[in-house]
Amino acid sequence: MVVILAACATGEASEERRPTIPLTDCRLPGGVEAQCGTLTVPENRAAAAGRTIDLDIAVLPATGSSSVVEDDPLFLLAGGPGQAATEVYPNAAYLFDDVNRTRDIVLIDQRGTGDSNGFECPNLEDEDLPADMPDEDVVALMDECRATLAERADLTQYTTDAFVADLEDVRAALDYDAINLYGASYGTRAALTYMRRYPERVRGAVLDAVAGPELVLFLQMPRDGQRSLDLLFERCAAEEACAAAFPDVRSEYEAILARLEEPQSISVADPLTNEPIDFQLTRDQLSQFVFNSLYSAEFQSLLPLLIHHAHETGDYAPLIVQGLAVSASTGVYPGLLYTVACAEDAPLIDAVEAETIQAATSFGPFAERFQAICANWPRAEIAADFREPLRSDIPTLLISGSADPVTPPEYAEAVTAGLANSRHLVIPGYGHGVYSVGCMPRVVAQFIREADPAALETGCLEELEPPPFFVTFAGPEP
């Protein structure tokens with residue numbers, strides 16, 4: 001069934017929209033019903049006669065009656081870089097029900113993800129690959145993936161600016177005059193870029209876990225992760241039950257890392273397949289599993305218990321499995337991650353600065369590994385203003401978790417300084433991405449409805465507290 005969507009605004013009727021993309025009934029992950037289609041765009045906009053990309057698009061039509069439906073939709077921009085919007089957002093679609101009552105919701109798989117010429121790396125998915133593969137072998141596999149992708153794509157044409165140009169083409173093809181943006185993590189970088197390039201098309205924007213211009217992927221991660229871990233230890237010490245159960249958790253963690261200066265043989269069950277994984281556990285690997293767990297407030301609530309258990313028993317399995325579960329759920333297309341980051345972030349990393357940052361933390365050399373992967377990756381030309389602070393009066397709501405290990409509130413604060421009509425909300429004790437926390441969907445829905453940051457009713461957020469710490473494997477103290 002081919003559908004032409006027509007939206008009606010409240011008050012005076014607007015002209016009927018005339019989309020040029022045929023949309024048909026489809027079902028997204030989680031059984032979410034939508035209208036799907038594709039838009040063909042040039043891979044290289046400077047060579048329009050060359051290779052093309054079919055962008056995968058899904059529209060969740062507004063569910064309310066015509067008397068309440070507005071004609072400015074909400075575009076959801078996924079994170080990563082490397083997540084596909086049609087894969088990661090449907091399972092959270094219910095959080096946008098209030099917005100969806102009055103507005104269409106639009107999902108576009110960023111070029112290089114999903115069915116928009118997804119940059120998969122099958123050689124990284126071989127079940128026979130050892131879990132303790134040396135860094136140089138991982139770099140070699142990524143280089144193989146790069147070479148394979150380069151046979152079917154110009155890797156210099158998959159930047160954030162290219163994605164933003166695609167978004168604008170989709171907006172025009174769907175015949176929306178103005179749109180609202182919600183970006184999460186890397187999606188905030190894309191949203192800020194769209195706001196810079198097409199300010200007249202943006203009615204309002206929500207930025208969740210803000211990756212502002214000052215954030216260089218993989219450079220500040222050890223420092224920001226250490227800040228998050230320190231906040232966790234401080235919160236445990238301030239919570240009576242956690243402090244009583246784990247009075248020395250910080251020193252226990254340091255002791256575990258010291259033990260693992262000598263790698264230890266480990267066998268754990270894969271959290272997805274339940275198949276055994278055998279490998280040599282190193283200090284850097286364990287710290288990576290801990291870093292992964294810091295993304296989520298729910299996983300943070302388990303960390304003191306898991307650290308204490310590992311320290312007392314030598315059983316690292318629960319800590320490892322939790323970290324593996326987080327990394328397995330990201331849904332990132334690795335080829336697109338490095339295509340974007342090697343062009344936009346790697347050139348900004350100074351090896352001495354990166355080493356200085358990392359040396360003051362308990363985490364491994366994120367930047368060093370990243371630079372090794374990027375060594376042979378094509379570097380796209382990046383616009384001179386790409387990293388400049390955005391100056392804008394577009395209504396903008398910025399939201400952060402105070403304990404976010406990768407996009408702490410400081411990056412949002414820096415962005416807020418240039419946004420004359422904005423508001424920044426910080427949720428204490430929470431990690432990366434806070435849209436789903438408590439009443440936040442209601443607050444965001446009000447912002448999308450009114451586009452007025454100052455008028456937001458945020459009292460309900462003051463009641464939010466992070467999940468209590470588990471003091472035993474049975475759960476928190478009653």
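Counting begins at 1 with the first residue of the sequence.
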Practice prompt. Before giving the answer on side-chain contact (heavy atoms from CB on, under 4.5 Å), spell out for T282 and L260 the whole-Å C-alpha distance, their side-chain angles and the decisive distance to 0.1 Å.
Written response: CA-CA 5 Å; T282 67; L260 290 173; 5.9 Å; no
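- For E87 (side chain) and P29 (main-chain N/O), no donor-acceptor pair under 3.5 Å exists by modelled atom type.
- Considering CG of N421 and OG1 of T396, their distance stands at 7.0 Å, rounded to 0.5 Å.
- Contact record, V32 with P90: CG2-O, 3.4 Å, taken as the closest heavy-atom pair.
- Around the CD atom of E214, the shell of radius 6.0 Å holds no more than 12 heavy atoms that belong to other residues, nucleotides or ligands.
- Proximity of a side-chain donor or acceptor of R111 to a complementary backbone N or O of Q157 within less than 3.5 Å is detected.
- Ring geometry for F246 versus H308: interplanar angle of 30 to 60°, hence tilted.
- A donor-acceptor pair shorter than 3.5 Å cannot be found between the side chains of S116 and D56.
- Between the side chain of D109 and the backbone N or O of A85 there is at least one donor-acceptor pair closer than 3.5 Å.
- Nearest heavy-atom pair, D161 versus A383, reported as atom, atom and distance to 0.1 Å: OD2-CB, 3.8 Å.
- How far CD of E344 is from CG of L217: 8.5 Å, rounded to the nearest 0.5 Å.
- Residues I399 and L425 form a side-chain contact, since some pair of their non-hydrogen atoms from C-beta on lies under 4.5 Å apart.
- Looking only at side-chain heavy atoms (C-beta outward), L28 and L107 come within less than 4.5 Å of each other.
- In this pair, Y295 and F291 present their aromatic rings perpendicular. The plane angle is above 60°, beyond the 30 to 60° band.
- The side chain to side chain donor-acceptor pair (under 3.5 Å) contacts involving residues 253-264 comprise E261-R283, where partners must be two or more places apart or lie in separate chains.
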Item to complete: Determine, step by step, whether L215 and V406 satisfy the side-chain contact (heavy atoms from CB on, under 4.5 Å) criterion, reporting the C-alpha distance in whole Å, the side-chain angles of both residues, the deciding distance to 0.1 Å, and the verdict.
Response: CA-CA 9 Å; L215 188 151; V406 283; 5.8 Å; no
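- In this structure, CD1 in I349 is found 5.5 Å from CG in L219, a value given to the nearest 0.5 Å.
- Y194 is listed as a side-chain neighbour of I179, based on a closest heavy-atom distance under 4.5 Å.
- No donor-acceptor pair closer than 3.5 Å links the side chain of S185 to the backbone N or O of A209.
- In this structure, the side chain of S228 does not engage the main chain of D224 through any donor-acceptor pair within 3.5 Å.
- Between the side chains of T160 and Y186, a donor-acceptor pair is found at a separation under 3.5 Å.
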Item to complete: Please report the C-alpha distance between V164 and Y198 in whole Å, then the side-chain angles of each, then the deciding distance to 0.1 Å, and finally whether the side-chain contact (heavy atoms from CB on, under 4.5 Å) criterion is met.
Response: CA-CA 9 Å; V164 161; Y198 307 100; 3.6 Å; yes
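- Nearest heavy atom pair, residue P213 against residue V415, reads CD-CG2, 3.9 Å.
- For residues 371-388, the side chain to side chain donor-acceptor pair (under 3.5 Å) pairs, not counting sequence neighbours, are D143-N376, R197-D385, T339-W377, D345-R387.
- Of all heavy-atom pairs between Y89 and A184, the closest is OH-CB, 3.9 Å.
- Summarising the local packing, CD of E136 is surrounded by more than 12 heavy atoms from other residues, nucleotides or ligands at distances under 6.0 Å.
- Side chains of Q288 and N292: a donor on one and an acceptor on the other come within 3.5 Å.
- Two residues are said to be in side-chain contact when any heavy atoms from C-beta on lie closer than 4.5 Å; L303 and L294 meet this criterion.
- Remark: the backbone N or O of L60 is paired with a side-chain donor or acceptor of N100 at under 3.5 angstrom.
- No side-chain N or O of Q285 forms a donor-acceptor pair with one of Y316 less than 3.5 Å apart.
- A distance of 10.0 Å separates SG of C342 from CG of L155, quoted to the nearest 0.5 Å.
- Considering CD of Q226 and OG of S287, their distance stands at 9.5 Å, rounded to 0.5 Å.
- Put simply, the side chain of F366 does not reach to within 4.5 Å of the side chain of Q358, judged on heavy atoms.
- The nearest pair of heavy atoms linking Q83 to V332 is CG-CG2, 3.9 Å.
- Residue G401 comes nearest to V426 through the heavy atom pair C-CG1, 4.5 Å, listed as atom of the first residue, atom of the second, then distance.
- Screening L337, L124, D137 for a side chain to side chain contact (heavy atoms under 4.5 Å, CB included) involving M142 leaves a single residue, L124.
- Looking only at side-chain heavy atoms (C-beta outward), S392 and R196 stay at 4.5 Å or farther from each other.
- Counting heavy atoms from C-beta on, the side chains of P467 and Y430 come closer than 4.5 Å.
- Within the structure, every pair that satisfies the side chain to side chain donor-acceptor pair (under 3.5 Å) test and touches residues 455-478, not counting sequence neighbours, is listed here: R423-T458.
- A heavy-atom distance below 4.5 Å is not found between the side chains of E353 and V216.
- Two rings, from Y435 and Y182, have their centers less than 6.0 Å apart.
- The backbone N or O of A205 sits nowhere less than 3.5 Å from a side-chain atom of N180 that would complete a donor-acceptor pair.
- In this structure, E252 contributes its side chain and I307 its backbone to no donor-acceptor pair below 3.5 Å.
- Annotation: the span from Q110 atom CD to Y333 atom OH amounts to 12.0 Å, rounded to 0.5 Å.
- Looking only at atom types and distance, the side chain of Q280 has a donor-acceptor partner in the side chain of S265 under 3.5 Å away.
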Item to complete: May I have the step-by-step check of side-chain contact (heavy atoms from CB on, under 4.5 Å) for L419 and L398, ending in yes or no?
Response: CA-CA 10 Å; L419 302 179; L398 303 92; 4.3 Å; yes
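- Under a cut-off of 6.0 angstrom, the local environment of CD in E355 is sparse, with at most 12 non-hydrogen atoms contributed by other residues, nucleotides or ligands.
- The aromatic ring centroids of Y158 and F119 lie less than 6.0 Å from each other.
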